[in-house]
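Below, each value reflects all heavy atoms present in this structure, side chains not excepted, and no hydrogens, waters or symmetry copies. In what follows, every chain begins at residue 1, and chains take the letters A, B, ... in the order their sequences are listed.
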Amino acid sequence: EPEVTQTPSHQVTQMGQEVILRCVPISNHLYFYWYRQILGQKVEFLVSFYNNEISEKSEIFDDQFSVERPDGSNFTLKIRSTKLEDSAMYFCASGNSDTQYFGPGTRLTVL
Amino acid sequence: AQSVSQHNHHVILSEAASLELGCNYSYGGTVNLFWYVQYPGQHLQLLLKYFSGDPLVKGIKGFEAEFIKSKFSFNLRKPSVQWSDTAEYFCAVGSGGSNYKLTFGKGTLLTVNP
């Protein structure tokens, strides 16, 4: 059964550094998403992406964040200048109609 | 704005006990409802979903959920839990259509003792 994959599984970075989190969605899916979960808190929506553009973004998704689908298979989330409060688990999801399928997540630790 | 409440933070049961996890949501329009499960060390997996029709939906591994519109609830049930059901369970609401954000509850950690 096809799955969403994410790399790396764990990323440690210094405050102020740029990070890129990578996702490979399920191959025939058209809708892509990023969510995050800060430890002990809810899974929160960050952004949705369709037809090579952002469909919707949350207030969390400020100018420090960007998403890209650089080729036919990858979907990336970039944080330009990380802050301590960006430490969280980041989940990628993809879907084709009304159901989203999640990847295993990338744990981002900002020191 | 959508919101989801899961009232049970941690539920501890013995094997063969019955399970019911509460989920209430608030949203003014048509909703799609989901339960996801996260087993230890694994990713979020879809357990079941409700879009329309029969309000009692059956999912994988013997789980079911009932949508009660008047109560804005979508409680998850299983008649007899197993040790392997130990996991975190998340209720989520989507606003419908083919491209929408999910709003999650805080999750309920279920521990099943053998």
**Study point:** chain A contacts, top residue of B:Leu46, B:Leu44, B:Val4 (heavy-atom pairs, under 4.5 Å)
**Key:** B:Leu44
For the atom pair [atom1] ([X]) and [atom2] ([Y]), what is the distance rounded to the nearest 0.5 Å?
| X | Y | atom1 | atom2 | result |
| --- | --- | --- | --- | --- |
| A:Glu56 | B:Lys101 | CD | NZ | 5.0 Å |
| B:Tyr100 | A:Gln100 | OH | CD | 5.0 Å |
| A:Phe91 | B:Phe104 | CZ | CZ | 8.5 Å |

Practice item. Could you look at B:Gln38 and say if it's the side chain, the backbone, both or neither that has a heavy atom under 4.5 Å from chain A? Key: side chain
Verify the neighbour count for atom [atom1] of [X]: are there more than 12 heavy atoms of other residues, nucleotides or ligands below 6.0 Å?
| X | atom1 | value |
| --- | --- | --- |
| A:Arg69 | CZ | yes |
| B:His10 | NE2 | yes |
| A:Leu39 | CG | no |
| B:Asp54 | CG | yes |

Check your understanding: Taking atom types as modelled, is there a side-chain donor on A:Thr99 or B:Lys49 under 3.5 Å from an acceptor on the other?
Key -> yes
Review point. Tell me, do B:His43 and A:Glu3 make a side-chain contact under 4.5 Å, heavy atoms counted?
Key: yes
ILVMFWY network linking [X] to [Y], side-chain heavy atoms under 4.5 angstrom:
| X | Y | answer |
| --- | --- | --- |
| B:Leu102 | A:Met89 | yes |
| A:Leu108 | A:Leu111 | no |
| A:Leu77 | A:Leu84 | yes |

Point to revise | B:Phe90 to A:Val43 - nearest heavy-atom pair and separation | key: CE2-CG2, 4.4 Å
Check your understanding: Which atoms of A:Gln37 come close to chain B, meaning under 4.5 Å heavy atom to heavy atom: side chain ones, backbone ones, both, or neither?
Key -> side chain
Review point. Is the backbone N or O of B:Thr103 less than 3.5 Å from a side-chain atom of A:Tyr35, with the two atoms forming a donor-acceptor pair by type?
Key: no
